[in-house]
Amino acid sequence: MKALRRFTVRPQLPEPLEPLGALIRNLRWSWHPASKDLFADIDRQLWEQLEGDPLALLGAVSVARLQELAGDEDFLLRMRALSDDLGLYLSEPRWYQQQVAAGAEFPDAVGYFSMEFGLTEVLPNYSGGLGILAGDHLKSASDLGVPIIGVGLLYHFGYFWQSLSADGWQQEHYPAHDPQGLPIERVLDPEAGPGRQLTVSVSMPGGRTLAARVWLAQVGRVPLLLLDADIEENDDHLRQVTDRLYGGDQDHRIKQEILLGIGGVRAINAWCRITGHARPEVFHMNEGHAGFLGVERISELIAAEGVTFDEGLAAVRAGNVFTTHTPVPAGIDRFPVDLVRHYLDGDQHGRSRVLPGIEVERIVALGAEPDPSRFNMAHMGLRLGQRSNGVAKLHGVVSRNMFSGLYPGFEAEEVPIGSVTNGVHLPTWAAREMVEVAGEMADWQDLASASEWPAADRVPAARLWEIRRLLRSRLVDLARATVRRSYLQRGSTEAELDWTDSILDPDVLTIGFARRVSTYKRLTLMLRDPARLKQILLDRDHPVQIVVAGKAHPADEYGKRFMQEMVRFTDDPEIRHRIVFLPDYDMGMASVLCAGADVWLNNPIRPQEASGTSGMKAALNGALNLSISDGWWDELYDGHDGWTIPSANGVDDARRDELEASALYGLVESRVAPLFYQRDAAGVPQAWIDMVRHALAYLGPRVQATRMVRDYVTGYYGPAARYNRRVGQDLAVAKDLAAWKTRVAAAWPLVRVVNVDTSGIGTDPSLGNVMTVRAFVDLADLQPEDVEVQTVTGRVDEHEDLHDITTVPMSVLPAGAESVDPAEGFRFEAQLPLTRSGAVGYTVRVLPRHPLLVSPAELGLVTHA
Ligand SMILES: *Cc1c(COP(=O)(O)O)cnc(C)c1O
């Protein structure tokens, strides 16, 4: 019989156990081993069976057991100590508060918007790297005391669970999640009535309204607000807006993004009003999905202050930060522009009904791109965010090229997109044994703020090796159980599965490869030469085993075919004890895989991996990375922390794959495996462990998400807050800035460099000569203080193009000095010492200048001589 409806009744705890409820409600337990140990002791068997979900455990444990624990002094003592510890964690000043006390000007609060958040496998509200990064961002902000408020959506079905058919084809399952069974709380709205949950709403075309209730996931010190459209106020169609993550068509997707951006700002406002929390001064868009938050904020300002759209834009941009996560143009979120028009729902004056006071076409212009039929969410993010960044140094370079079309006339290197390299949350991803090692290596400094781990030598090789074996054997146990379960699902019977008890070997060199199955990540590169791979796996002296996992997007037929190819390879009885595919990759599995692998393999097509994070998780556990030089590895490989697979550029795709696969096999055969099996008398691979120790000490402080969050705070949130305090909060300044932008944009077509002359270098220029460059510039209606006139020097190539440019500002000569008539223009001058030999060249250009521009390229205006 099927239930008509399901719901979850939350258990009532006996009074002495009440602090347990608070320990469970705050997700800090998910990265706090002592809290997990306490939960496990409630009922070991249930804890295992429920895969470490404390809320489910409380729902399942018997009342008698709870009564027993309520009288267990030992248990109560531990519980109270943990409760005090949590209280301290939530209240004591941390890195952020120390910086502020020392005079740093940081924002009172930051709103962080993301389409997905991966916090723990018991809150399955993520699909992969982007969501887990967002989760690690919140956890690390909590550890550092950064006052972030997260905003996301709560998906009824989350992302899918993966299994395999008999022939290795991916099967997707969408189990429904009852919010009452998830570790989240209702946000109550006293103004709506006692016990009423906070709801926000956004209008939809045709006079409909999309409402969403607001849930709270408490992530240590950081609140995460989750919007959920599955409520009775919505018609059946709108109830499905938050049904699943990255499911459905573009129409579905745009409704989700409107809810996230517009509904999310409304939820933050309401939540701050209810709780008295400081309102965000800075809003961070984690990828373009959240871009509508910027136009909602403009609309608010128009309603509250009567500003114009341009004034509102100037005010709001100052506090917005935008992060782009993909170097692959196909990965950018783009909507048909008519779909955007439809949802913005213009009235007879062209004003949006969703965002009162704003003309639909102004919003459409924010997402404009070369294809006029498309609305580009990343372009909107860049136009709405005065600060933006990619997620690794190389990705910064790629992004500056990719988006250079928005800044015509500028060199790619001048495009105002910076980079903050991703990181991972150490207490979540390092095995507890490794957290201890990290503490020793960091010399007992606070791991969240230590920028070096200077005491690596303190950890002896034998101890590291012992921990590595322990982590590897945990991986082997998980693999055996998972493979057995998978074969049962695929139609095998218990009787034929004895072999799964002995697959993999806790003493064999273990390579891990687990990530989403996207074409560019090349899951099957290692299968390029199956015979050679087989030899590597079965080598008598230096055997290798490989553990593979990953989900393909449900609509990605190619991805599923790659997966099937991999699964079929691992089905081969000759090698199935040395290579396994583990279905249903999630955070729980990732933590065991990344910890247990000796080598973490990463072979994307360069430079398509923006950063990648699983290799960082592995590094924090003493795994060595074996990777293409891409993403984070491109900047953090130092020759001793792993191996780089040489990339083959400039050849066709098939040849590239063949060359890179061959390089990969070669490295494993001749470098990786021999080093792993080179043992001393005690059986310890000293040289290998030296590398492990170095990788830990060098990468540990650099790949942590607390380093990433500190970089965001000092390089982005802090400066954005300072600008916001000047521009965003003082509307007179925003109005001046908007008026100045309008004036400059109107005058710009008439600005021109009338002539340029040089003197001082004669006919035979040599190093050390000083050249005087003078330019006569017609500024139309502008004044010299509105512009910067620059010389640009650099190497010239055969096309007369400048490279490796340097710029020197020119100063305006006083009127009259050279019988200049300001009505005709101004004369500018600079002295240029010749500092490089060879073919060099220069030009002169004019840029808008204003103290509140972050980059001269910001307005996309430049005039060349
Ligand atoms: C870390 C992680 C990812 C992201 O891994 P990449 O190396 O960035 O591809 C994806 N899925 C899960 C479950 C993870 O834990």
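Throughout, numbering of the chain's residues begins at 1 and tracks the sequence. Everything numeric here is computed off the predicted structure, so don't read it as measured data.
- There is no side-chain donor-acceptor pair under 3.5 Å between T421 and K393.
- Counting non-hydrogen atoms of other residues, nucleotides and ligands closer than 6.0 Å to CD of E413 gives a total above 12.
- Here the options are E287, H284, R387, the test is side chain to side chain donor-acceptor pair (under 3.5 Å), and the partner is T323; only H284 passes.
- You'll find the side chain of I645 reaches within 4.5 Å of the side chain of L667, heavy atoms only.
- No more than 12 heavy atoms of other residues, nucleotides or ligands shown are found within 6.0 angstrom of CD on E48.
- For residues 593-619, there are no ring-ring contact (aromatic ring centres under 6.0 Å, His included) pairs, not counting sequence neighbours.
- Seen from the ring of F513, R515 counts as a face-on cation partner, given the 6.0 Å and 45° thresholds.
- Residues F676 and V599 are not in side-chain contact: their nearest non-hydrogen atoms beyond the backbone lie 4.5 Å or more apart.
- For the side chain to side chain donor-acceptor pair (under 3.5 Å) with S627, the qualifying choice from N602, N603, T644 is N602, the only one to do so.
- L394 is listed as a side-chain neighbour of R606, based on a closest heavy-atom distance under 4.5 Å.
- Side-chain contact annotation: S629 with D634, donor-acceptor N/O pair under 3.5 Å present.
- Dense packing is recorded around CD of Q686, with more than 12 heavy atoms of other residues, nucleotides or ligands lying under 6.0 Å away.
- Remark: D584 pairs with K551 by the salt bridge (Lys or Arg N to Asp or Glu O under 4.0 Å) rule, at least two apart or across chains.
- When only modelled atom types and interatomic distance are considered, H425 and D143 share a side-chain donor-acceptor pair under 3.5 Å.
- Residue pairs meeting the salt bridge (Lys or Arg N to Asp or Glu O under 4.0 Å) criterion with at least one member in residues 448-463, sequence neighbours excluded: E440-R463, D443-R458, E452-R702.
- Judged as a ring-ring contact (aromatic ring centres under 6.0 Å, His included), the pairs with a partner in residues 615-649 (not counting sequence neighbours) are, in order, W633-Y637, H640-H694, W643-W688.
- Side-chain atoms of R480 and T500 form no donor-acceptor pair, as typed in the model, at a separation below 3.5 Å.
- Side-chain atoms of F75 and L38, non-hydrogen and from C-beta on, do get closer than 4.5 Å to each other.
- No close placement of the F106 and Y717 rings is indicated, their centers lying 6.0 Å or farther apart.
- S388 and Y716 form no side-chain donor-acceptor contact under 3.5 Å, judged by distance and modelled atom types alone.
- Considering only heavy atoms from C-beta on, V459 comes within 4.5 Å of M441 through its side chain.
- Sequence neighbours left out, the pairs with a member in residues 121-132 that pass side chain to side chain donor-acceptor pair (under 3.5 Å) are E116-S127.
- For the salt bridge (Lys or Arg N to Asp or Glu O under 4.0 Å) condition, the pairs that include at least one residue of residues 669-680, sequence neighbours left out, are R532-E669.
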Step by step, would you call I511 with Q545 a side-chain contact (heavy atoms from CB on, under 4.5 Å)? CA-CA 6 Å; I511 299 181; Q545 60 195 10; over 6 Å; no
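- Residues P454 and Q445 have side chains in contact (heavy-atom distance under 4.5 Å, counting atoms from C-beta outward).
- Side chains of L504 and R472 form no contact here, defined as non-hydrogen atoms less than 4.5 Å apart.
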